[in-house]
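Notes follow once the structure below has been shown.
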Number of protein chains: 2
Amino acid sequence: MDQRQALTAFGALSQETRLHIIRMLVVAGPDGMAAGAIAERAEVSPSNVSFHLKELERSGLIAQQRESRSIIYTANYEALGGLVRFLMEDCCSGHPEICAPAAEVAACCTPKMEEKLQ
Amino acid sequence: MDQRQALTAFGALSQETRLHIIRMLVVAGPDGMAAGAIAERAEVSPSNVSFHLKELERSGLIAQQRESRSIIYTANYEALGGLVRFLMEDCCSGHPEICAPAAEVAACCTPKMEEKLQ
DNA sequence: TCAATGCTTCAAGGATTGTTGAAATATGGA
DNA sequence: TCCATATTTCAACAATCCTTGAAGCATTGA
């Protein structure tokens, strides 16, 4: 993840509807969600959700694939991980004060680390 | 860090000049930098840097304090750490695929963790 | 082939954000 | 007090972003 990607990714996440969509897609996992289902759950119009989905796709944070009549969107975990990494490493220069809280979260959700930290 | 703060923080980081400023202030550390020095290093006009500094302050990512004729800006490490945490925990639901790369970075910059991971 | 479904694209307008240079404010020193 | 320095504020304008509804495209089933 280079700076240009990070800038557009931050821009993508700076909008309420889009942040909501990302959260839903992360939770939905690899199966993703159809555009219509996203619109319904986010309570926005089809054309509006389409606008935001395009923006999120342009930023690389999500991907789409057609499945019959539906278009399924999925979160790009790699890109999200890359953004976290950019924020910690490139933007924040790996400062311990900034990264320490991240370490706690990481420990809680990556099984191997949790073991080592016991 | 709640969602509202995170949204404005992402917005603050989605602009090239502001991202540049944050990086400089993180590196500068607790001493911070005067507005004029920031403008010079970022190669933007005083009034433009002032506009962006105000935006960054509004987002809580930096703080200001007057020092004689200068106004010194410093990075708010706590807010930056909070943002990393928000991105991993709230936005990404602590998904291991997303948080794993963050764990590596965290391990490199927090001495205690590095020990445990050897 | 026709109609229905699911979604996107487009154009228009409003809202927000970014840039610029001039004017205003605050501080410190002669 | 007067001037220089450091920075902000303001107004105007340009650029970008968001929302809306109508029209268009792709896919499926009758």
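Labels below follow one simple rule: chain letters A, B, ... track the order of the sequence lines, proteins then strands, and each chain is numbered from 1.
Atom CD of Glu40(A) is separated from atom P of dG6(C) by 10 Å (rounded to the nearest Å). Distance, Leu7(B) CG to dC18(D) C1': 15 Å, rounded to whole Å. Distance, Gln15(B) CD to dA15(D) P: 16 Å, rounded to whole Å. For Arg58(A) and dT16(D), the CZ to C1' distance is 11 Å, given to the nearest whole Å. Between the CD1 atom of Ile72(B) and the P atom of dT7(D) there is a distance of 7 Å, given to the nearest Å. If you take CG of Leu53(B) and P of dT8(D), they are 6 Å apart, rounded to a whole angstrom. Rounded to whole Å, the distance from CD on Glu16(B) to P on dT16(D) is 13 Å. Computed from coordinates, the Arg41(B) CZ to dA6(D) P distance equals 17 Å when rounded to whole Å.
The residues Arg4(B) and Glu16(A) are annotated as not salt-bridged, no charged nitrogen and carboxylate oxygen being separated by less than 4.0 angstrom. With respect to the salt-bridge test (charged N to carboxylate O, under 4.0 angstrom), the residues Glu57(A) and Lys54(A) do not qualify.
Taking only side-chain atoms of Ser50(B), from C-beta outward, the nucleotide of dT9(D), dT8(C), dG18(C) with the closest atom is dT9(D). Checking dT8(C), dT5(C), dT19(D) against the side-chain heavy atoms of Asn48(A) singles out dT19(D) as nearest. Of the candidates dT8(D), dA26(D), dA26(C), dA26(D) carries the atom nearest the Arg66(A) side chain, counting heavy atoms from C-beta on. Picking from dC18(D), dT27(C), dG18(C) the nucleotide with the shortest atom distance to the side chain of Arg18(A) gives dC18(D).
Among the protein residues, Ser70(B) comes within range of the sugar-phosphate backbone only, with heavy atoms under 4.0 Å from sugar or phosphate atoms but none that close to a base. Using a 4.0 Å heavy-atom criterion, one finds that Ala34(A) contacts the sugar-phosphate atoms exclusively.
Between Arg69(A) and Thr17(B), the residue anchored closer to the 5' end of DNA chain C is Arg69(A), taking for each the nucleotide with the nearest heavy atom. The residue among Ser68(A) and Phe51(A) whose nearest nucleotide of DNA chain D lies closer to the 5′ end is Phe51(A). For the pair Glu55(A) and Ile71(B), both in contact range of DNA chain D, the more 5′-proximal nearest nucleotide belongs to Ile71(B).
Screening Asn76(A), Thr17(A), Leu61(A) against Ile22(A) for a side-chain contact (heavy atoms from CB on, under 4.5 Å) leaves a single residue, Leu61(A).
The phosphate of dT8(C) has OP1 or OP2 within less than 4.0 Å of a side-chain N or O from Tyr73(A). Contact check, His52(A) against dT19(D): a side-chain N or O comes under 4.0 Å of OP1 or OP2.
Counting only distance, with no hydrogens or angles, the side chain of Arg18(B) and the backbone of His52(B) share no donor-acceptor pair below 3.5 Å.
Under the 30°/60° scheme for interplanar angles, the aromatic rings of Tyr77(A) and His95(B) are found to stand perpendicular.
For Ser47(B) against dG21(C), a side-chain N or O and a base N or O form a donor-acceptor pair under 3.5 Å.
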